[in-house]
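Structure first, commentary second.
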Amino acid sequence: MAVKLSTIRAFLEELYPLDWAEDWDRVGLVAGDPDQTISHIRLAVDPTVAEANAAAQNTETLLLTHHPLLLRPVSFLTTETGKGAVITKLIQSGGALWCGHTNSDRSRAGTVGAWIDALQLKKAAPLVAPQTNEQVGDSKLFGMGVVADLPAKTTVVGLARQIADIVPATAQGVLYTGSGDREVGRIAVCPGAGDSLLETVSQLDVDAYITSDLRHHPTLEHIESRANALAVPALLDLPHYASEFIYLESLAKMLRSEFPTVTTEVSAISSNPFTGRVDKSVN
């Protein structure tokens, strides 16, 4: 039995209130009629053309993505453009699009919560504390990123292997700085682009920082900021898509429980922009 889009929207925005998002963000219902009915929900990291085409295979599909479609202003939405093709395909198939982002990141039921659970982190605290301790439904406003203890000490390379087993496979894999043998017990994590928090992390008593999209200069400045490399956290860098994908299955479970008559699936399509890697030949 189909469910009204407005009902699903209300559930999502109780988990991830729109006012938790950054001012620059563009989250919420992007396309669709709140009074229409939804029979399928498809979860993905990005609202790509491939995802819209897959969602349109079933009528009345809500495409639910972590990243916004219209984060930057656009003037044209024809089917000759990627964003126009996404909107047109979903509307023509009787579908809809809801996007979360930094509001989902701040929820215990969002990206950070998934990392806490996946790595079984202990004594978890926000990397960047929220402005309020407001409670919304069963979901607590957590904050941006997390600082916590691993359940058992490991090494940088051991932690990299754990991460690689948790996230989807990518051409990049998991990169790390310094010695792979360095001991790691306490870590910081920021899913998505996190080099803006390097200075914050460097002031904490952590052994490693897991994030994505680390650029050359901020990374080099970080590891060269102390004469002793062990005086700053080791960095583990993985693709942006992979770092945020892992919360989709936990969200899907919540949606299946709340709306058992609606078919809910997690996309297997990768939106990681890089599809391959070539290493230097070794004779």
Side-chain angles (χ1 to χ4, degrees), residues 22 45 67 102 105-106 111-112 114-116 118-129 142-247 272-282:
E22 296 282 354
V45 174
H67 289 142
T102 51
D105 289 330
R106 287 190 165 90
T111 54
V112 170
W115 276 95
I116 293 172
L119 291 176
Q120 301 177 23
L121 299 179
K122 311 297 182 185
K123 300 178 182 178
L127 176 55
V128 178
F142 185 80
M144 192 68 73
V146 62
V147 180
D149 293 331
L150 293 168
K153 288 187 176 182
T154 184
T155 61
V156 168
V157 73
L159 180 58
R161 288 181 179 133
Q162 288 182 48
I163 295 167
D165 288 340
I166 290 168
V167 303
T170 60
Q172 173 184 317
V174 180
L175 306 176
Y176 62 84
T177 63
S179 171
D181 294 331
R182 179 177 175 176
E183 187 176 74
V184 177
R186 186 162 177 79
I187 66 168
V189 185
C190 179
D195 64 10
S196 64
L197 296 175
L198 281 172
E199 183 61 32
T200 299
V201 170
S202 69
Q203 303 301 316
L204 301 175
D205 182 23
V206 296
D207 304 309
Y209 177 41
I210 302 166
T211 191
S212 301
D213 298 343
L214 289 176
R215 295 170 294 162
H216 173 85
H217 290 296
T219 302
L220 192 59
E221 287 289 336
H222 170 82
I223 62 178
E224 288 287 308
S225 63
R226 302 288 187 276
N228 179 2
L230 297 178
V232 294
L235 304 178
L236 293 97
D237 181 40
L238 64 156
H240 195 125
Y241 151 80
S243 76
E244 295 179 328
F245 175 87
I246 67 170
Y247 96 104
N272 186 35
F274 301 101
T275 58
R277 184 183 74 190
V278 176
D279 292 322
K280 184 179 178 67
S281 301
V282 177

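Atom set for the values below is all heavy atoms of this structure, side chains included, hydrogens, waters and symmetry mates excluded.
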(request) Using atom types as modelled and distance alone, determine if a side-chain donor or acceptor of Trp115 lies under 3.5 Å from a backbone N or O of Ser243. (result)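 A pair under 3.5 Å: yes.
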(request) Please confirm whether the backbone N or O of Leu197 pairs with a side-chain atom of Tyr209, one donor and one acceptor, at under 3.5 Å? (result)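 Looks like no, no N/O pair under 3.5 Å.
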(request) In sequence, state the C-alpha distance, the side-chain angles, and the governing distance for Val112 and Val189, and then conclude on side-chain contact (heavy atoms from CB on, under 4.5 Å). (result) CA-CA 8 Å; Val112 170; Val189 185; over 6 Å; no
To the nearest 0.5 Å, tell me how far [X] [atom1] sits from [Y] [atom2].
X      : Y      : atom1 : atom2 : value
Asp105 : Thr111 : CG    : OG1   : 3.5 Å
Leu204 : Ile187 : CG    : CD1   : 12.5 Å
His222 : Leu198 : NE2   : CG    : 6.0 Å

(request) Answer whether the closest heavy-atom distance between the side chains of Glu224 and Val232 falls below 4.5 Å. (result)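 Sidechains of Val232 and Glu224: no contact.
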(request) Check the pair Arg106, Glu22 against salt bridge (charged side-chain N to carboxylate O under 4.0 Å, His left out), reporting the backbone distance first and the verdict last. (result) CA-CA 10 Å; Arg106 287 190 165 90; Glu22 296 282 354; 2.6 Å; yes
Quick check: closest heavy atoms across [X] and [Y], and the distance to 0.1 Å?
X      : Y      : answer
Thr211 : Ala193 : OG1-C, 4.0 Å
Asn272 : Pro239 : OD1-CB, 3.7 Å
Ser202 : Pro233 : CA-CD, 4.0 Å
Asp207 : Gly185 : OD2-N, 2.8 Å
Phe142 : Ala125 : CZ-C, 3.7 Å
Ile246 : Ala242 : CG2-O, 4.0 Å

Let me check something: any side-chain donor-acceptor pairs from residues 143-155 under 3.5 Å, sequence neighbours excluded? List them with distances.
from	atom 1	to	atom 2	distance (Å)
Asp149	OD1	Arg186	NH1	2.9
Thr155	OG1	Gly158	N	3.0

(message) Test salt bridge (charged side-chain N to carboxylate O under 4.0 Å, His left out) on Arg277 and Asp279; report intermediate values, then the result.
(response) CA-CA 7 Å; Arg277 184 183 74 190; Asp279 292 322; 3.5 Å; yes
For residues 168-178, which side-chain N or O atoms pair as donor and acceptor with protein atoms under 3.5 Å away, sequence neighbours left out?
from	atom 1	to	atom 2	distance (Å)
Thr170	OG1	Gly173	N	3.1
Gln172	NE2	Asp237	O	3.1
Thr177	OG1	Leu235	N	2.9

(message) If you count every heavy atom of other residues, nucleotides or ligands that lies below 6.0 Å from Asp205 atom CG, does the total exceed 12?
(response)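 Open: at most 12 neighbouring heavy atoms sit under 6.0 Å from CG of Asp205.
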